[in-house]
There are 2 protein chains.
Amino acid sequence: MAARKKNSTYTRNEAHIIECDLTYAVNKINGRWKILIISKLESGKMRFGEIKKEFPYMTERMLTLQLRAMEQDGLVKRMVYAEVPPRVEYELTEMALAFGPIFKQLSEWGGKYRLP
Amino acid sequence: MAARKKNSTYTRNEAHIIECDLTYAVNKINGRWKILIISKLESGKMRFGEIKKEFPYMTERMLTLQLRAMEQDGLVKRMVYAEVPPRVEYELTEMALAFGPIFKQLSEWGGKYRLP
DNA sequence: CAGGATCCTATAAGATACTG
DNA sequence: CAGTATCTTATAGGATCCTG
């Protein structure tokens with residue numbers, strides 16, 4: 001990922017925004033894919049290729065980027081097994097699992113208010 | 001806002017993603033500002049200038065864009081009074097108010113898991 | 001007061017090819 | 001299998017100036 005310029009207004013606004021607990025939380029799961037990834041991993045640990053298969057429209061690059069970012073943010077644990085061929089498993093951390101009930105409510109909101 | 005190309009993978013992915021109730025809901029409140037605006041409006045209707053004052057780091061342009069998008073999405077009601085100088089008030093709709101308890105939980109998540 | 005118009009920058013996302 | 005590397009496109013966000 002390209003280094004972010006530290007003095008852009010974008011960055012200053014972000015700094016300001018994540019002082020808020022609410023937007024701090026939102027920033028952890030922003031982007032197009034993280035919420036979907038968390039949802040899939042809720043049922044247990046999965047391998048890279050298994051996750052990939054769940055999202056046929058997501059490129060490998062995006063999956064890698066998201067998983068790396070989520071690892072950095074403490075949302076997933078990445079476990080590498082020294083085998084050939086390589087095996088890597090991903091598992092949600094406690095803080096990611098705590099999103100579960102919230103996502104459920106968001107999903108209910110979507111079901112209730114989406115247009116038919 | 002620039003017209004979006006209808007056949008980009010970005011658009012196709014979005015179409016695929018919002019079939020899911022969860023990500024449909026998330027797409028309604030995506031971006032940097034909408035959640036904050038909803039939070040402010042929860043306490044009642046506000047004028048454009050009042051909202052603006054709450055977010056000194058947001059440009060007028062962004063506020064306008066967000067409010068227009070939220071109006072399109074049925075999240076806010078925009079009420080224009082035929083006065084001079086002009087007066088415009090914004091108020092949350094029922095579907096936006098329904099986000100209240102969810103945002104509260106997200107905020108609690110942020111308070112619990114954010115780094116000290 | 002409540003914005004609209006124009007131009008520009010930053011980031012997110014995607015396509016494709018390649019590798020230990 | 002589980003990624004990297006490189007290039008390109010798309011969208012979000014911002015700066016600044018202008019107006020009924």
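Residue numbers start from 1 in every chain, and the chains themselves are labelled A, B, ... in the order their sequence lines are given, proteins ahead of strands. Basis for what follows: all heavy atoms, side chains included, without hydrogens, waters or symmetry-related copies.
Position along DNA chain C of the nearest nucleotide to A:Thr59 versus A:Asn30 favours A:Asn30 as the more 5'-ward residue.
Put simply, the side chain of A:Lys28 gets close to the backbone of A:Asp73: a donor and an acceptor are under 3.5 Å apart. Side-chain atoms of A:Arg32 do not come within 3.5 Å of backbone N or O of A:Met58 as any donor-acceptor pair.
Listed by residue number, A:Arg47, A:Phe48, A:Gly49 are the residues of residues 46-55 of chain A with a heavy-atom contact under 4.0 Å to DNA chain D.
In terms of phosphate contacts, B:Thr11 brings a side-chain nitrogen or oxygen within less than 4.0 Å of OP1 or OP2 of D:dT11. Residue A:Arg78 places at least one side-chain N or O closer than 4.0 Å to OP1 or OP2 of D:dG3. Contact check, B:Arg87 against C:dG3: no side-chain N or O comes under 4.0 Å of OP1 or OP2. Taking 4.0 angstrom as the limit, B:Arg68 places a side-chain polar atom (N or O) nearer than this to OP1 or OP2 of C:dG3. Neither OP1 nor OP2 of C:dA12 sits under 4.0 Å from any side-chain N or O of A:Arg61.
Proximity note for A:Thr64 (side chain, C-beta onward) versus D:dG3, C:dG14, D:dG13: the nearest is D:dG3. Picking from C:dT11, D:dA10, D:dG13 the nucleotide with the shortest atom distance to the side chain of A:Ser8 gives C:dT11.
Within 4.0 Å of B:Asn13, counting heavy atoms only, lie sugar-phosphate atoms of the nucleic acid but no base atom. Among the protein residues, B:Gln66 comes within range of the sugar-phosphate backbone only, with heavy atoms under 4.0 Å from sugar or phosphate atoms but none that close to a base. At the heavy-atom level, B:Tyr90 lies under 4.0 Å from the strands shown only through sugar-phosphate atoms.
With rounding to whole Å, B:Glu89 atom CD is found 16 Å from C:dG3 atom C1'. Between the CG atom of A:Asn27 and the C1' atom of C:dA12 there is a distance of 14 Å, rounded to whole Å. Whole-Å rounding puts the B:Glu14 CD to C:dG14 C1' distance at 14 Å. Computed from coordinates, the A:Leu36 CG to C:dA13 P distance equals 11 Å when rounded to whole Å. Here the C1' atom of nucleotide C:dA13 and the CD1 atom of A:Ile37 are 13 Å apart, to the nearest Å.
Between B:Trp109 and B:Tyr113, the two ring planes are tilted [angle within 30° to 60°].
A:Thr64 and A:Arg61 form no side-chain donor-acceptor contact under 3.5 Å, judged by distance and modelled atom types alone. Remark: the A:Glu71 side chain and the A:Tyr90 side chain contain no N/O donor-acceptor pair separated by less than 3.5 Å.
In this structure, the side chains of A:Arg78 and A:Arg68 come closer than 4.5 Å at one or more pairs of heavy atoms.
With B:Tyr81 as the aromatic partner, B:Arg47 does not meet the cation-pi criteria of under 6.0 angstrom to the ring centre and within 45 degrees of the ring axis.
The CG atom of B:Leu106 sits 7.0 Å away from the CD1 atom of B:Ile35 when rounded to the nearest 0.5 Å.
Here the closest non-hydrogen pair linking A:Leu36 and B:Cys20 is CD2-SG, 4.4 Å.
Pairs of residues two or more places apart, or lying in two chains, that qualify as ring pair (Phe, Tyr, Trp, His ring centres under 6.0 Å) and include a residue from residues 30-76 of chain B are A:His16-B:Tyr57.
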Check the interface with nucleotides 18-20 of chain C: list each N/O to N/O pair with the protein under 3.5 Å, or write none.
none

